[in-house]
Amino acid sequence: YASLALASLGAEVIKIERPRFGDPLRYASRFGANGGPTTFELLNRNKKSVTLNLRVPEGKAILQELARRSDVLLEGFRPGVMKRLGLDYNTLAAEHPRLIYASLSGYGQTGPYHLRAGHDLNYIALGGLLALTGAKGGPPAIPGVPIADLVAGLWMAFGVVAALFERERSGQGQYLDIAMLDS
């Protein structure tokens, strides 16, 4: 959602997808409501895409070259994945110190929950928002939209814009750690 917000503001967004199948949302729905766009089309409008296998040297080299030519890199893997791939902020910023690198995860890159799996409902429950839903005295109501996912994406986009503004003053890139629970 962060990349959609940035693309909607005019940023050139190149989405990296897995080889062979790409984004699973491509197959989640063949047709949108009343013949309209699918969820995939709605979330990926104004974006370009390429498939890369980040587990092989050629795929890593292509991503490194894209990062060298880019202002911003957004990633949403579990904490530690990009470091294991050799594509973490410190590695990429060594060659491109103006790079803005933003990581989005459920619980952040550090802390006691950072390696836990989670879903939107987990984040809004732990954050206290779920307790505010539903009828008074009744059970909570599950929201019809993924609140933590969407809000975290907006905070990520907002953080990127702020980091780009700061880079204009300082000349330096920075690393952003965005957690869905915090959002």
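Nothing here was measured: the structure is a model prediction, and the numbers come from that model. Numbers here simply count residues along the sequence, with the first being 1.
Note on residues 64-77: pairs passing salt bridge (Lys or Arg N to Asp or Glu O under 4.0 Å), not counting sequence neighbours, are E65-R68, E65-R69, R68-E95, D71-R167.
By the criterion of side-chain heavy atoms lying less than 4.5 angstrom apart, applied directly or through intervening Ile, Leu, Val, Met, Phe, Trp or Tyr residues, L121 is grouped together with L132 in one hydrophobic cluster. Criterion: ILVMFWY side-chain heavy atoms under 4.5 Å apart, direct or through other members. Under it, L4 and L154 are part of a common hydrophobic cluster. No continuous path of ILVMFWY side-chain contacts below 4.5 Å connects L164 to F158, so the two sit in separate hydrophobic clusters. Residues L150 and I124 fall within the same hydrophobic cluster, defined by Ile, Leu, Val, Met, Phe, Trp and Tyr side chains chained together at heavy-atom separations under 4.5 Å. There is a path of hydrophobic side-chain contacts, each under 4.5 Å, that joins L104 to Y107.
Separation of atoms OG (S105) and CG (D177) is listed at 5.5 Å; rounding is to 0.5 Å. Atom-to-atom distance recorded for R84:CZ and R78:CZ is 10.0 Å, nearest 0.5 angstrom. Annotation: the span from L25 atom CG to E41 atom CD amounts to 11.0 Å, rounded to 0.5 Å. For the atom pair NZ (K60) and OG1 (T91), the distance works out to 10.5 Å, reported to the nearest 0.5 Å. Rounding to the nearest 0.5 angstrom, the gap separating the OG atom in S3 from the CE atom in M156 is 8.5 Å.
With hydrogens and angles ignored, the 3.5 Å screen pairs no side-chain donor or acceptor of T51 with any backbone N or O of P19. D120 contributes a side-chain N or O that, together with a main-chain N or O of A148, makes up a donor-acceptor pair within less than 3.5 Å. With H114 contributing its side chain and G111 its backbone, the two residues share a donor-acceptor pair below 3.5 Å. Side-chain N or O atoms of H96 include one that pairs as donor or acceptor with a backbone N or O of S70 at under 3.5 Å.
Hydrophobic cluster membership for V81: I14, I16, V50, L52, L54, I62, L63, L66, L73, F77, M82, L85, L87, Y89, L92, L99, Y101, Y175 (Ile, Leu, Val, Met, Phe, Trp, Tyr linked by side-chain heavy atoms under 4.5 Å, directly or transitively).
The local environment of CD1 in I142 is sparse, with at most 12 non-hydrogen atoms from other residues, nucleotides or ligands closer than 6.0 Å.
H119 is not listed as a side-chain neighbour of P146, based on a closest heavy-atom distance of 4.5 Å or more. In this structure the side chain of N46 never reaches within 4.5 angstrom of the side chain of V13, judged on heavy atoms. Side-chain contact check for L74 versus V72: some heavy-atom pair is nearer than 4.5 Å. Considering only heavy atoms from C-beta on, D149 stays 4.5 Å or farther from I147 through its side chain. At least one side-chain heavy atom of K15 sits less than 4.5 Å from a side-chain heavy atom of N44.
Taking both residues in full, the closest heavy atoms of I178 and A152 are given as CG2-O, 3.8 Å, listed atom of the first, atom of the second, then distance. Heavy atoms only, all atoms of each residue included: Q174 and L176 are closest at OE1-CD2, 3.9 Å. Across all their heavy atoms, L130 and P143 have their closest contact at CD1-CD, 4.2 Å. Scanning both residues, G86 and Q64, for their nearest heavy atoms gives O-NE2, 4.0 Å. Across all non-hydrogen atoms, the minimal contact from G108 to A179 is N-CB, 3.4 Å. For the residue pair E17 and S49, the shortest heavy atom distance occurs at OE2-CB, 3.3 Å.
Salt bridge annotation for E12-K47: absent, with no cationic side-chain nitrogen under 4.0 angstrom from a carboxylate oxygen.
Residues satisfying the salt bridge (Lys or Arg N to Asp or Glu O under 4.0 Å) test with R169, not counting sequence neighbours, are E166.
Both tests pass for R116 against the ring of Y113: distance under 6.0 Å to the centre and angle within 45° of the axis.
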